Amino acid sequence: MPPTEPAAGVRFGDEPPELTRDAVAVYHGSTFALSDRTGDVLPDTVTGVFCADTRHLSRFELRIDDRRLTPLSSGQIEPHEARFFLTNGAGSLPPRSLSIERRRVIGESLRESIIVRNHDNVPVRAELAMRCAADFADLFEVKDAGRRISGSFASSEDRSTHSVAFSYEREPFRASTDIRFSREPEFRDDAAVFALELPARGSTDIVVDVTWTREDAREAPVRVRPRPDASFGDDLRATAWLGGLPRLRSDSDALERTWLQSATDLAALRMHVERHGRSMEVPAAGLPWFMAVFGRDTLITSYQSLYVSPDLCRGTLEILADLQGDEDDPFRDEEPGKIMHELRHGELTVCGDMPHRPYYGSVDATPLWLVVLSEYHRVTHDDELVRALWPNVERAIGWIETARRRNGDGLLTYETRSPVGLANQGWKDSGAGVLFADGRIARAPLALCEVQGYVSDAYDRVAALAEAVMDDAELAATLRKERDALRDRVEELFWTKDRGGYYVLGIDGDGAQVDSLTSNIGHLLWSGIVHEERAPALVERLFSGDLWSGWGVRTTAWSDAGFSPLGYHTGTVWAHDNSLISAGLARYGFRDEANRIAVSMLEAAEHRGYRLPEAFAGYDRADTAFPVRYPTASDPQAWATAAPFLWMTLMLGLRVDADGALQADAAVPERFRPLRLAGIPAAGRRWDVEVGDRISVSEHASN
C-alpha cells in the first residue's frame with residue numbers, strides 16, 4: 001500500500017465543522033471513530049479514527065466487487081460500540097442478495113467484525129475489499145481543512161501476519177497505525193482484497209484489528225492512557241464505575257432515562273491521564289473535537305457532578321494544579337499561577353506550531369479552579385487535598401491579583417498575546433462571542449461581567465478555606481476586603497438602567513460598557529456578587545421573551561442586533577449555561593424559576609434521545625414545538641452531559657453540614673415525585689434521599 005493522501009475537510013473558523021446528519025460515532029476516553037452510516041471513513045471528509053488529537057485512519061472503506069454498499073440501518077448501541085447493516089446494490093450480483101454487517105468496538109484500539117451473509121439459494125462469489133489509509137492529520141488540521149505535508153510517510157505489508165502498517169515522522173512527532181486482518185488478503189494498491197465463496201444461505205466473517213502507537217521524541221506533559229478497564233470485554237461498558245454512581249428512581253420515566261444517559265455518557269468520556277507517575281481520571285470535554293483535558297469545561301463538569309462522582313473532581317483539580325503556569329510565555333498565553341485552558345497532543349502542538357502544550361488562553365479557568373476546589377471541600381470535607389494544593393491556591397490568587405492591577409481598574413481582563421491565541425477568553429470564546437447591543441464586535445482588553453463574579457466568589461471561598469483548613473485569618477481578612485471592593489466596582493461599572501435594569505456583558509479597553517443583554521447575568525447570580533435588591537430585575541430579564549426561549553435561556557437577547565438563533569454564542573441555548581443560571585436562581589431563593597429551567601431543559605432532552613447536546617438553536621418553543629438541532633454542537637459534551645446532575649442537586653437542595661452529614665431541602669416538581677436518589681457520595685459516606693409526602697435523608701445501606 002502506498003503512503004496516504006493529504007487530509008481535507010470543511011472549513012473551521014470560530015466553531016467546529018458540521019458533521020453530516022448520518023454520522024455515526026463511537027468513543028472511549030480520548031479515542032473515537034467517526035464514520036458515515038455505512039461505517040465508511042472516506043477521504044476529503046472529517047471522518048476518521050482519532051487518538052490523542054491524531055487521525056490514525058483517514059480511509060476505512062468497505063466495498064463488494066468494487067462497489068460501495070447500500071446502508072439499511074446503523075447506529076450506536078453503546079458509547080464504544082456501533083453496528084452497521086448494509087446490502088449490495090446493482091452490479092455483478094442480484095441487488096440485496098447479500099447482507100453485510102459491521103460490528104465496531106473502540107477501546108485502546110479498534111476492532112471491526114465484518115459478517116457477510118448470502119440470502120440466495122445458490123452459491124455466490126464476490127470480492128470484498130477494505131480500502132485503508134492513514135494521514136496522521138492533527139485534529140486542528142482536520143477542522144481547518146488544511147494539511148501541511150512536511151514530514152515523511154512510510155507503509156509496509158506483512159503477509160505472514162496479514163497486516164499493513166503506516167507510519168509518519170516529523171521530529172519530534174512520530175506516529176504509526178497497524179491494521180491486521182483475521183485472514184490473508186491480497187494487497188492491491190490501497191486495498192486489502194478477500195475472495196469470498198459463500199454457499200447457498202451461507203455466511204463468512206473477517207475480523208479487522210486496528211492499533212496505533214505514538215513514540216514522540218519529546219515527552220508529553222500529560223500521558224493519555226487507556227483506562228485500566230479498556231478491553232474488548234464487558235468492562236468497556238464501565239459497569240463497575242457506573243455501579244458506583246447514585247441511582248435515581250422517579251415517577252418520571254423521562255427523568256430516569258435522562259439520568260441514566262448522562263451517567264453512561266460521562267462514564268465513556270472519562271480519560272485516564274498520567275503525570276510524573278501519578279494517575280488521575282478526568283472527563284474529556286466533548287465529542288468529537290474536544291476529547292482532551294480542558295480547564296473551564298472540565299472544571300464545570302466536575303462541579304456539576306460533585307454529588308455523583310467526587311473522584312472526577314479530585315482528578316481534575318490535581319491535573320490542573322500540576323499544569324499550572326510557571327513562566328511568562330506569550331506564545332502560549334502562559335503566566336505564573338494561571339490555570340490552563342486546553343492541552344493537545346497532535347503534530348502541530350508537539351512540533352510547536354500551535355501553543356496547546358498546554359495553552360493558557362482562559363481568563364476564567366483560574367478563579368473557577370478556586371471555586372471548584374472550595375465546592376469539592378464542602379462536599380467531601382477533604383482537608384488533606386486542600387492542604388496539598390494550597391501552594392497552587394496561593395499562586396492562583398497571586399495571578400488574579402497581578403492581572404487585576406494590570407489595567408488600573410481592579411477588574412480581571414483578558415487580551416491574547418499569542419499570534420495564534422484566542423481573541424475571546426471567556427466561555428463565549430468564538431470571535432463574535434462578545435458583541436455590543438448594536439452588533440459591533442467588542443475588542444480586547446475586555447472585562448467580562450461573569451468573570452468578576454467568579455473572582456468575587458473565589459475570594460469568598462478561599463477566605464473560608466484559609467480560616468477553616470489553613471488557620472490563616474490574616475489572608476481571609478485580606479481576601480474579603482478585596483471581595484467587597486470588587487463588588488462595589490462591578491456595581492459602579494457594569495449596571496445599567498436600560499431595558500429595566502441589568503448588568504452589561506463587559507467593559508472594553510476604553511472603559512465603555514459592552515451593553516448586550518446576555519445569559520451571563522445568570523452566572524453573576526451563581527457567583528453571589530449581585531446585590532439582593534438587583535436580583536428580581538435579573539430574574540425578570542432572564543425570563544423575558546428576549547432571553548427565554550421556552551426551552552431555556554438564550555445566550556443573547558432577541559432584541560440585540562447581533563442576535564441569531566443560530567449564533568454559536570449569540571442566540572443559542574446551552575445546557576451548561578442554563579444549569580449554572582439555575583444554580584444562581586436557587587442561590588437567591590428563586591427555586592421555582594430554577595426548576596422552570598430544569599424542567600424545560602429536561603423536556604428538551606426527551607426530544608433528543610434523553611441526551612442534551614452542547615447547544616440547540618434559540619428559536620421560540622411556541623414556533624417549533626421541539627428543540628431545533630444546532631448543526632455543529634458536540635454530542636455528547638461533558639458539561640451538557642453533567643447538567644442534569646446539577647439540576648437534581650438543586651432540586652434536592654443538597655449540602656453537607658459541619659458534622660459531615662448530608663442535608664436536603666428539597667423543592668422537587670410534582671411531576672417527578674415520588675423520587676429517590678440512592679448512594680449519594682458525601683463526606684466519605686453514602687446517603688439516600690427520598691422525596692414524597694415528606695423528605696427523608698438516611699445513610700445508605702451497602703448491599
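Not measured: the values here are computed from a predicted model.
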(Q) Tell me if the aromatic rings of Tyr27 and His80 count as close, with their centers under 6.0 Å from one another. (A) no
Q | Candidate list Val308, Leu245, Leu602, test side-chain contact (heavy atoms from CB on, under 4.5 Å), partner Trp259, passing option | A | Val308
Q: Would you check if the side chain of Arg587 reaches a backbone N or O of Ser527 as a donor-acceptor pair within less than 3.5 Å?
A: yes
Q) Can you check whether Thr518's main-chain N or O pairs, donor with acceptor, with Thr556's side chain at less than 3.5 Å? A) no
Q: Only one of Ile115, Leu62, Leu72 passes side-chain contact (heavy atoms from CB on, under 4.5 Å) with Ile100; say which it is.
A: Leu62
(Q) Can you tell me how far apart CE (Met291) and CZ (Phe32) are? Round to the nearest 0.5 Å. (A) 6.5 Å
Q: Provide the closest heavy-atom pair for Glu606 versus Ala254 in the form atom of the first, atom of the second, distance.
A: CD-CB, 3.4 Å
Q.
Does Arg247, at its CZ atom, have more than 12 non-hydrogen atoms belonging to other residues, nucleotides or ligands within less than 6.0 Å?
A. no
Q.
For Asp36 and Arg68: C-alpha separation, side-chain torsions, deciding distance, then whether side chain to side chain contact (heavy atoms under 4.5 Å, CB included) applies.
A. CA-CA 12 Å; Asp36 64 17; Arg68 292 201 67 200; 2.9 Å; yes
Q) To the nearest 0.5 Å, what is the distance between CE (Met651) and CG (Leu646)? A) 10.0 Å
Q: Please check if the side chain of Asp546 supplies one atom and the backbone of Ser559 the other of a donor-acceptor pair under 3.5 Å.
A: yes
Q.
Any carboxylate oxygen within less than 4.0 angstrom of a Lys/Arg side-chain nitrogen, looking at Arg554 and Asp620?
A. yes
Q | side chain to side chain contact (heavy atoms under 4.5 Å, CB included) between Ser74 and Arg37, worked out | A | CA-CA 6 Å; Ser74 59; Arg37 65 191 182 120; 3.3 Å; yes
Q) Can you tell me how far CZ of Phe590 sits from CG of Leu538, rounded to the nearest 0.5 angstrom? A) 9.0 Å
Q.
For Leu110, is there any backbone N or O sitting under 3.5 Å from a side-chain donor or acceptor partner on Arg104?
A. no
Q. Does a donor on one side chain and an acceptor on the other come within less than 3.5 Å for Glu614 and Tyr568?
A. yes
Q) Looking only at heavy atoms, which two atoms of Tyr619 and Ser549 are closest? And how far apart? A) O-CB, 3.7 Å
Q: Kindly compute the distance separating CG (Leu580) from CG (Leu524), expressed to the nearest 0.5 Å.
A: 12.0 Å
Q) Between Asn595 (side chain) and Ala667 (backbone), is there a donor-acceptor pair under 3.5 Å? A) yes
(Q) Within 45 degrees of the ring normal and closer than 6.0 Å to the centroid, is that where the cationic atom of Arg344 sits relative to Phe140? (A) yes
Q. So Trp526 and Tyr303, would you call those rings parallel, tilted or perpendicular, with 30° and 60° as cut-offs?
A. perpendicular
Q. Considering all heavy atoms of both residues, which atom of Thr47 and which atom of Leu42 are nearest to each other, and what is their separation?
A. OG1-N, 3.2 Å
Q) Would you say the side-chain atoms of Thr301 pair up with the backbone N or O of Trp639, donor to acceptor, closer than 3.5 Å? A) yes
Q. So do the side chains of Ile300 and Phe294 get within less than 4.5 Å of each other, counting heavy atoms only?
A. no
Q.
Strictly distance-based, threshold 3.5 Å: is any side-chain N or O of Glu256 a donor or acceptor partner for the main-chain N or O of Ser250?
A. yes
Q) Under 4.5 Å between any side-chain heavy atoms of Leu69 and Phe84, yes or no? A) no
(Q) For the backbone of Leu566 and the side chain of Ser564, can you confirm whether one donor and one acceptor N or O come within less than 3.5 Å of each other? (A) yes
(Q) Under a 3.5 Å distance rule, please check whether Arg296 uses its side chain to pair with a backbone N or O of Gly426 as donor and acceptor. (A) yes
Donor-acceptor contacts under 3.5 Å from residues 310-317 side chains, at least two apart:
residue	atom	partner	partner atom	Å
Arg314	NE	Glu318	OE2	3.3
Arg314	NH1	Asp382	OD2	2.5
Thr316	OG1	Ser302	OG	2.9
Thr316	OG1	Leu312	O	3.0

Q) Does the pair Leu542 and Ile597 meet the rule for a side chain to side chain contact (heavy atoms under 4.5 Å, CB included), with working shown? A) CA-CA 10 Å; Leu542 288 167; Ile597 292 177; over 6 Å; no
Q | Aromatic ring pairing Trp574/His569, orientation class (parallel under 30°, perpendicular over 60°, tilted between) | A | parallel
Q. Do Pro71 and Leu86 have side-chain heavy atoms sitting under 4.5 Å apart?
A. yes
**Q.** Closest heavy-atom pair and its distance - Ile77, Arg83
**A.** CD1-NE, 3.7 Å
Q.
Assess the residue pair His607 and Phe616 against the criterion (side chain to side chain contact (heavy atoms under 4.5 Å, CB included)); give the C-alpha distance rounded to whole Å, side-chain angles, the decisive distance to 0.1 Å, and a yes or no.
A. CA-CA 12 Å; His607 291 274; Phe616 45 86; over 6 Å; no
**Q.** Euclidean distance, Ser600 OG relative to Asn578 CG, rounded to 0.5 Å
**A.** 9.0 Å
Q. Is a side-chain N or O of Trp687 found less than 3.5 angstrom from the main chain of Ala682, in a donor-acceptor match?
A. yes
Q.
One thing to verify: whether Arg673 and Glu670 come together as a salt bridge, which I'm taking to mean a side-chain N less than 4.0 angstrom from a carboxylate O.
A. yes
Q.
Using a strict threshold of under 4.0 Å (side-chain N to carboxylate O), is an ion pair present between Asp688 and Arg676?
A. yes
**Q.** Between CG on residue Leu255 and CZ on residue Arg257, distance to nearest 0.5 Å
**A.** 12.0 Å
Q. Are Phe50 and His56 close enough, and set up right, to give a ring pair (Phe, Tyr, Trp, His ring centres under 6.0 Å), and what steps lead you there?
A. CA-CA 6 Å; Phe50 298 83; His56 284 271; 9.0 Å; no
Q | Lys/Arg N to Asp/Glu carboxylate O, Arg629 vs Asp635, below 4.0 Å | A | no
Q. If every non-hydrogen atom of Leu547 is compared with every non-hydrogen atom of Ala557, which pair is closest and at what distance?
A. CD2-N, 3.5 Å
Q: For residues Asp53 and His356, determine if any side-chain heavy atom of one lies less than 4.5 Å from a side-chain heavy atom of the other.
A: no
Q.
Do Ser35 and Asp40 make a side-chain contact, defined as non-hydrogen atoms from C-beta onward lying under 4.5 Å apart?
A. no
Q) Between Leu652 and Leu675, is any pair of side-chain heavy atoms under 4.5 Å apart? A) yes
(Q) For Thr555 versus Lys428, what's the shortest heavy-atom pair and its separation? (A) O-NZ, 2.9 Å
Q: Report yes if the side chains of Gln637 and Trp289 come closer than 4.5 Å at any heavy-atom pair, otherwise no.
A: no
**Q.** Partner residues of Phe563 under the ring-ring contact (aromatic ring centres under 6.0 Å, His included) criterion, sequence neighbours left out
**A.** Trp558
Q. Tell me, do Val553 and Trp548 make a side-chain contact under 4.5 Å, heavy atoms counted?
A. yes
